[in-house]
Asker: 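Dumping the structure here so I can ask a few things about it.
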Amino acid sequence: MGSSAYISLENVVFSRSGRRIFDGISLDIPRGKVTAIMGPSGTGKTTLLKLIGGQLRPDSGSIRVDGHEVPRLKRTALYALRQKMGMLFQSGALFTDLSVFENVAFPIRVHTNLPEDMIRDIVLMKLEAVGLRGARDLMPSELSGGMTRRVALARSIALDPELIMYDEPFTGQDPIAMGVLVKLIRDLNSSMGLTSVLVSHDVTESLSICHFACIIADGKVIGQGTPEELRAHESERVQQFLQGQPDGPVPFHYPAEDATTDFGLGGKV
Amino acid sequence: MLDHVRALGRTGIDVVVSFGRSGQFLFGVLRGVPKPAVGFPLLVRQIYSVGVLSLAIVVVSGLFIGMVLGLQGYTILSDYGSESAIGQMIALTLVRELGPVVTALLFAGRAGSALTAEIGLMKATEQLSSMEMMGVDPLRRVISPRLWAGFYTMPVLALIFSVVGIWGGMLVGVEWLGVYDGSFWGNMQSSVEFVDDVLNGVIKSVVFGFVCAWIAVYQGYDCVPTSAGISSATTKTVVYSSLAVLGLDFVLTAVMFGNF
Ligand SMILES: Nc1ncnc2c1ncn2[C@@H]1O[C@H](COP(=O)(O)OP(=O)(O)O)[C@@H](O)[C@H]1O
Ligand SMILES: [Mg+2]
């Protein structure tokens, strides 16, 4: 990747509640491409996005976004950098007291001084892009899960960011909504030249739209490359994950003490 | 035994840590003053939902407490033939104590719990996180207007409570039990001092308003973002606010009226 990396992580170590979630992870995310980060649930994919967005600070290591060392940024600089980032949260995270229109208008109102008619045009354009221009007057409680996520997507691209991060965009979507989202993610990337980071445990969908993918497990990158390279990867763990085998080198179980002692079958007390 | 000592120590540390965290949180909120053009409408909205919507319960409670004071005061004072002092008794009790304290307790139950639940739910549904990711500081945007709304509305609510209470006492004492209204109002006017009584009462309610709002927004912001976490944070808001109000009331009363 080298100079074309938009985000680059080096030796990032991060622990939470005494559990080490990242153990020296290094990763480059190329500019203007769709990068998928895959891994089993609970490996820290959401955590990784929060580290990139500066909502969490690593214990050590470097996280650079567009040349800025995120953990070292002062508050104001961090907030300015975030205006170049969009993030689509797993739940959508729409503001429940605002209508769809006002949700999408929110970042524009906060960060610009545009006149009302211009804000209206931008909002309708963004809603049009996700196919929900007609839903502008609905409240978030009146939307289905798939619509919620599309409104949230419109909101995260309202300020034309350079980077957009999707947290599990496919989870809980019906096949049609899924197809719509896949197309949206790809279109946004190609039409706006966005750098896109997609976090998912959904192998088929992710590999079908990304230019570059990486698999994390146990706090490390276990394999990365283009989708073709990954499919041909010789590592057993990568193959286990891609083919969705329940157990193998990547354990299915959360670390626990030995089952026989835990269930009280150990004989000796 | 050692386990108990250890548990005690742990609890002690937890308490100190949460005091420290809430102080840090308060500092963060007070430091971030939003631009007036943005902040003012937000503040007005919160004053509406925290203050105006609490009016009904404050007015009704004030009325009944004033009427009860009228009845009780009349019963006690008429034994000494001094039922004409009833106006003075009702006014002083309300303005000095019951106005600020009962209003604060009602505020904690009505507005504080709602603030905690609202902020907690915003946290659980990642609204606060997404605001942060949009480059908007939730401390300024969400927390600060709610804290200031509590601070501004409490004294006003407490004064309304006292006024309605005095009117309720008048209804019972003068209209019903037949105390001469000239002595009812006259005694009141000659004994209630603006600085010593009214102003001290206002100072109390300013302090209570600040503390209740602080506890409510902190509990919401710091809650465990699950349904169980939100419900326990809401309970804590009501319990801690009530205890803090009663404890602080004793301290403030001792300072204000304790120079015997
Ligand atoms: N607020 C938190 N406090 C403590 N541990 C957490 C918290 N959030 C997540 N974790 C832990 O961090 C790990 C990674 O979580 P997450 O990034 O949400 O995983 P993923 O998104 O890959 O499913 C999980 O094992 C989880 O238990
Ligand atoms: Mg996740």
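To find a chain, count down the sequence lines: A is the first, B the second, and so on, and within it residues start at 1. Since this is a predicted model, take the numbers as computed values, not measurements.
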Asker: For B:Y240, I'd like to know if atom OH has over 12 heavy atoms of other residues, nucleotides or ligands within 6.0 Å.
Answerer: no
Asker: So does A:D97 pair up with B:R45, basic N to acidic O under 4.0 Å?
Answerer: yes
Asker: Using side chain to side chain contact (heavy atoms under 4.5 Å, CB included), reason through A:F106 and B:V136 one step at a time and then give a plain yes or no.
Answerer: CA-CA 10 Å; A:F106 181 85; B:V136 179; 4.0 Å; yes
Asker: If you draw a 6.0 Å radius around CE in A:M139, do more than 12 non-hydrogen atoms from other residues or ligands fall strictly inside?
Answerer: yes
Asker: With a 4.5 Å heavy-atom cut-off (strictly below), which parts of residues 119-135 of chain B touch chain A? List them by number.
Answerer: B:T125, B:E126, B:Q127, B:S129, B:S130, B:M131, B:E132, B:M133, B:M134, B:G135
Asker: Heavy-atom count around B:R110 CZ within 6.0 Å, excluding the residue itself: above 12?
Answerer: yes
Asker: So what's closer than 4.5 Å to chain B heavy atoms on A:T96: side chain, backbone, both or neither?
Answerer: both
Asker: Flag the one option from A:M87, A:M165, A:R109, A:H111 with the top tally of heavy-atom pairs under 4.5 Å to chain B.
Answerer: A:H111
Asker: Do other residues, nucleotides or ligands put more than 12 heavy atoms under 6.0 Å from the CD atom of B:Q24?
Answerer: no
Asker: Side chain, backbone, both or neither: which part of A:L159 has a heavy atom under 4.5 Å from chain B?
Answerer: neither
Asker: Is A:K33 atom NZ crowded by more than 12 heavy atoms from other residues, nucleotides or ligands, each under 6.0 Å away?
Answerer: no
Asker: Got a sec: does the CZ of B:R10 have more than 12 other heavy atoms crowding it under 6.0 Å?
Answerer: no
